[in-house]
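Step one of this worksheet: look at the structure below.
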Amino acid sequence: MGFATTAIHAGQEPDSATGAVTVPIYQTSTYAQEGLGKHKGFEYARTSNPTRLALERNLAALEGARFGYAFASGMAAIDATMRLVKAGDHVIVSDNTYGGTNRLFKRVLANYGIEFEFVDTSDVTNVEAAIKDNTRMVFVETPTNPVMIVTDLTAVTDIAHAAGARVVCDNTFMSPYLQRPIEFGVDIVVHSTTKFLNGHSDGIGGAVVLNNEDDASWIAFIQNSAGAILSPFDSWLVLRGVKTLALRMEQHDKSGRAVAAFLEDHPKVQKIYYPGSKSHKQHELAKRQQKGFGSMVSFDVGSLEAARIVLESVTVCTLAESLGGVETLICHPATMTHASVAPEVRERLGITDGLVRISVGIEDTDDIIADIDQALGKIGK
Ligand SMILES: *Cc1c(COP(=O)(O)O)cnc(C)c1O
């Protein structure tokens, strides 16, 4: 089956009781049992729910994995994944990972004896050098936000597996339509479904997908034990969103390319960060590993004042955090998404005061470009 067919059908048979084509929202906390120990596979809705189960099967299929679990947020999914390691274990992490991941690891989980080491995983020799006897996991994100650093999934997986460590990849930025990490040997894929998978900026959610049966049983056990489940309604929203994932990603990718090309040639733009650009250091790797470049484009206009003018002059683009929705969102990483990152780290990564990040939506491409153009035109006036 092709991707779009899988997206629309996997995990979703017409309802056996009524024939409903769309999986219903099973808004129930419990299920009637026919007799002691006799039930239809559902006992209590924290443990399992048919709407959530349909989504879990669907997301697993899209990533080419056997098992999927849906959580209340991307962070809840990542938190559950980290229950695969324990006190005394060493975890290597991409140093430019999502801010919330950085916060969870450094400020919360490090208190429980898990040792985190942040390295630039775009150079795999850094991963190799960081491996220790107790390394049990390598957690990567690719491309990263907002400066689009790409990590070679095959190379990192080879190194981690040789050391007996699992590889986790946060695939939120690409979605399984543009990148399927399990095909490169990655063990576990995590998602914030809040972004491209749901795609409509109307729900928070997360997912973990994987192939290893023992690890999957443990994730299921954690999901039931800690209980950070995705609700039936939110599961239904993501199922609905995923049905158009292939179409949306095609358009996101197309407009992303057009916006990046426009910015690259614009006199007010000093630098762009976009894996699809030939000026991107890892353009060849991105081409090899991804089916497209996605819709995240960052660009530097040189100063906070210039960035402020752009951000406050746009009318089609919306000034907001988050990404991956149908609407174009524009933000200022240094003061918004990455405000908690230490200034010297921001400096090293290129998250300057003049950096602006766009999540290119699926409005008419010409309208998006015209809006950015008129906003850039206000700089220096
Ligand atoms: C948003 C995001 C998360 C966190 O997801 P939530 O749904 O907001 O909890 C994790 N990783 C990446 C790359 C993200 O963009």
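Ligands are counted one by one from 1 in listed order, and the atoms in each one are counted from 1 as well.
Residue Gly74 has at least one N or O atom closer than 3.5 Å to an N or O atom of ligand 1. Considering backbone and side-chain N/O of Glu141, none are found under 3.5 Å from N/O of ligand 1. Here's the thing with Leu323: none of its N/O atoms is less than 3.5 angstrom from an N/O atom of ligand 1. For ligand 1, the polar-atom distance check against Thr194 finds a nitrogen or oxygen pair separated by under 3.5 Å.
Ion pairing between Asp373 and Lys378 fails under the 4.0 Å rule for side-chain N and carboxylate O. Taking 4.0 Å as the cut-off between side-chain N and carboxylate O, Arg52 and Asp234 do not count as a salt-bridged pair.
When each atom of ligand 1 is checked for a heavy atom of Gly205 under 4.0 Å away, the hits are 7 (O). Atoms of ligand 1 lying under 4.0 Å from any heavy atom of Ser73, numbered from 1 in the order shown and given with element: 7 (O), 9 (O).
Counting only heavy atoms of the protein, atom 1 (C) of ligand 1 lies nearest to Lys195 NZ, 1.4 Å. Among protein heavy atoms, the minimum distance from atom 3 (C) of ligand 1 is reached at Tyr98 CE2, 3.4 Å.
Glu327 and Ser201 share a side-chain donor-acceptor pair at under 3.5 Å.
Within the 3.5 Å criterion, the main-chain N or O of Tyr274 finds no donor-acceptor partner in the side chain of His283.
Looking at heavy atoms from C-beta onward, Tyr31 lies in side-chain contact with Asn49 at the 4.5 angstrom threshold.
Ligand 1 has no atom lying under 4.0 Å from any heavy atom of Ala77.
The closest non-hydrogen atom to atom 11 (N) of ligand 1, taken over Leu104, Asp170, Asp79, Thr172, comes from Asp170.
Within 6.0 Å of CD in Glu13 there are 12 or fewer heavy atoms belonging to other residues, nucleotides or ligands.
Applying side-chain contact (heavy atoms from CB on, under 4.5 Å) to Tyr69 and the options Ile222, Val209, Leu210 leaves one that passes, Leu210.
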